[in-house]
Number of protein chains: 2
Amino acid sequence: MRHGITHFKDLLGGEGYSWTRARSAVLTVLTTVPRPLRAEEIHRALRDPRINLSSVYRALRLFESLNVVHRVELGEGAARYELADDYRDHHHHLVCDACGRIEDVAACPVEAAGLTRHIRKRTGFAVRSHVLELFGLCRPCRRDAR
Amino acid sequence: MRHGITHFKDLLGGEGYSWTRARSAVLTVLTTVPRPLRAEEIHRALRDPRINLSSVYRALRLFESLNVVHRVELGEGAARYELADDYRDHHHHLVCDACGRIEDVAACPVEAAGLTRHIRKRTGFAVRSHVLELFGLCRPCRRDAR
DNA sequence: TCGATTTTGCAAATTATTTGCAATATTCGC
DNA sequence: GCGAATATTGCAAATAATTTGCAAAATCGA
Ligand SMILES: [Mn+2]
Ligand SMILES: [Mn+2]
Ligand SMILES: [Zn+2]
Ligand SMILES: [Zn+2]
């Protein structure tokens, strides 16, 4: 399990950052809940009233800069944050318009389709990253809708 | 030319909305500039100091609800807006990280790859819409970088 | 043209996020 | 473990994009 909480402690220490109550607590929430959370939701889940929302934002910003956390924007007005996975450098989501459920997409379709190469050839544009989020109805909601 | 400004006038009239100075001016800017603009940029381009920024926002919100305008979110903090095209119901962009240039992507790779069907089969999730934006270096910037 | 209805300008509110700064926590060498 | 040096935090205030209430102005249909 590469993701013990001590793994993060070592990682932060190695980069010259302190291992603090706020940072540890935020990471605990993120390792516990398997979906992208808003800063506000993370803060509420902390259970430690001493930790301020600003510290949650500061921790998230730091983790993002260290590629420990990925920001997910779903056009909701507030950003969401999830732990970066070890095996893939990014992934995409299926977002249910009815119930709000967020599922991970197994493989990156953009890579699978060789889209980067195709675009480079056709337009000369060198794609380095992309954002892809899919919206619709999850299976349960689809059945309910019938 | 399906996109004379009077086309929009008729469209708004048909939906029971007035043809006003603010709405007409916003549409003129959007038909003139061929890339997604921020509300602020549209407002600045209006050339009519009588029109308030709130009216620009209100016009954009209305146009979006009528599918006359599409909102484009590129993670910049502010949304961008562009005229919806007649022939495709949506399209994607190549955004240059160096110079900020925004190019349209010719065909939708998600549809081309049959991704919707694939996901439905594999996961039961019914995709109804998606957001895809690609970032990297445009051809000129790629050359400069060498 | 006129009254009914819609829209606008303006200022203030909202909301997510960031920041300054003094107080507190963490780190590290002893 | 202890204390100084440094990093981080809480708190309140600042930002920045967008929205909204309301009275005044514009548009529309007859
Ligand atoms: Mn995910
Ligand atoms: Mn476009
Ligand atoms: Zn659902
Ligand atoms: Zn460029």
Side-chain angles (χ1 to χ4, degrees), chain A residues 5-6 8-29 36-66 68-82, chain B residues 5-6 8-29 36-66 68-82:
Chain A
I5 202 82
T6 58
F8 294 120
K9 176 174 179 177
D10 295 345
L11 199 161
L12 285 194
E15 298 284 335
Y17 295 104
S18 303
W19 182 240
T20 69
R21 188 158 47 222
R23 289 169 186 170
S24 154
V26 168
L27 284 173
T28 298
V29 171
L37 296 173
R38 294 195 250 254
E40 179 64 52
E41 295 177 304
I42 296 170
H43 182 242
R44 214 178 313 135
L46 290 182
R47 299 288 192 84
D48 185 337
R50 289 170 300 182
I51 299 173
N52 192 275
L53 179 58
S54 328
S55 298
V56 173
Y57 276 109
R58 283 188 273 230
L60 290 170
R61 191 143 37 99
L62 174 65
F63 297 155
E64 217 192 332
S65 78
L66 298 174
V68 164
V69 156
H70 283 164
R71 181 199 306 249
V72 179
E73 314 233 352
L74 300 178
E76 303 168 301
R80 291 178 177 270
Y81 303 85
E82 68 182 344
Chain B
I5 203 82
T6 58
F8 294 120
K9 176 174 178 178
D10 295 345
L11 200 161
L12 286 193
E15 298 285 335
Y17 296 104
S18 305
W19 183 241
T20 69
R21 188 157 51 221
R23 289 170 186 169
S24 153
V26 168
L27 283 174
T28 299
V29 171
L37 297 173
R38 294 196 250 253
E40 179 64 52
E41 296 177 303
I42 295 170
H43 183 239
R44 214 178 313 133
L46 289 183
R47 299 288 193 82
D48 185 338
R50 289 170 299 183
I51 299 173
N52 192 274
L53 179 57
S54 330
S55 299
V56 173
Y57 277 108
R58 282 188 273 230
L60 291 170
R61 191 144 35 99
L62 174 65
F63 297 155
E64 219 192 330
S65 77
L66 298 175
V68 164
V69 155
H70 283 164
R71 181 198 306 247
V72 180
E73 314 232 350
L74 300 177
E76 303 166 301
R80 290 179 178 269
Y81 303 85
E82 69 181 345

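Naming: A, B, ... by sequence-line order, numbering from 1 per chain. In this text, all values refer to a predicted model and were calculated from it rather than measured experimentally.
Formation of a donor-acceptor pair under 3.5 Å by the A:His43 side chain with backbone atoms of A:Ile51 is found in this model. Of the possible polar contacts, one joining the B:Arg23 side chain to the B:Ser18 backbone as a donor-acceptor pair under 3.5 Å is found.
The distance from the CG atom of A:Leu66 to the CG atom of A:Leu12 is 6.5 Å, given to the nearest 0.5 Å. One distance of note links CG of A:Leu60 with CZ of A:Arg80; it measures 13.0 Å at 0.5 Å rounding.
Checking C:dA25, C:dT17, D:dT18 against the side-chain heavy atoms of A:Ala39 singles out C:dT17 as nearest.
As rounded to whole Å, 11 Å separates atom P of D:dT18 from atom CZ of B:Arg80. What separates CZ of A:Arg21 from C1' of C:dT27 is a distance of 16 Å, to the nearest Å. Atom P of nucleotide D:dT18 and atom CG of B:Leu37 are separated by 13 Å, given to the nearest angstrom. B:Glu76 places its CD atom 17 Å from the C1' atom of C:dT17, with the value rounded to the nearest Å. We find that CG of B:Leu12 is positioned 10 Å from P of D:dC28, with the value rounded to whole Å. Atom-to-atom, CG of A:Asp10 to P of C:dT27 comes out at 12 Å; the value is rounded to the nearest Å. For A:Glu41 and C:dT15, the CD to P distance is 16 Å, given to the nearest whole Å. In this entry the distance linking CD of B:Glu15 with P of D:dT27 reads 20 Å, nearest Å.
In this structure, A:Val69 and A:Val26 have side chains that are not in contact, with every pair of non-hydrogen atoms separated by 4.5 Å or more. Here the side chains of A:Trp19 and A:Leu27 are in contact, with some heavy-atom distance below 4.5 Å. Between B:Ile5 and B:Lys9, the closest side-chain pair of non-hydrogen atoms is not below 4.5 Å.
Within residues 45-60 of chain B, the residues having any heavy atom closer than 4.0 Å to DNA chain D are, in order of number, B:Ser54, B:Tyr57, B:Arg58.
For A:Glu64, the side chain to side chain donor-acceptor pair (under 3.5 Å) partners at least two apart in sequence or on another chain are A:Arg71. In this structure A:Glu40 satisfies the side chain to side chain donor-acceptor pair (under 3.5 Å) test with no other residue, sequence neighbours excluded.
Between A:Glu41 and A:Pro36, the shortest heavy-atom contact is OE1-O, 4.4 Å.
Terminal axes of the helix from C:dT1-D:dA30 to C:dC30-D:dG1 (five pairs each, C1' rotation axis) are separated by 40°, to the nearest 10°.
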Pairwise N/O distances under 3.5 Å, protein to nucleotides 5-8 of chain D:
residue : atom : partner : partner atom : Å
D:dT8   : OP1  : A:Ser18 : N            : 3.3
D:dT8   : OP1  : A:Arg23 : NH1          : 2.6
D:dT8   : OP1  : A:Arg23 : NH2          : 3.0

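A side-chain hydrogen bond (donor to acceptor under 3.5 Å, both in side chains) check over residues 49-60 of chain A, counting only residues at least two apart or in different chains, returns the pairs A:Asp48-A:Arg50, A:Asn52-A:Ser54.
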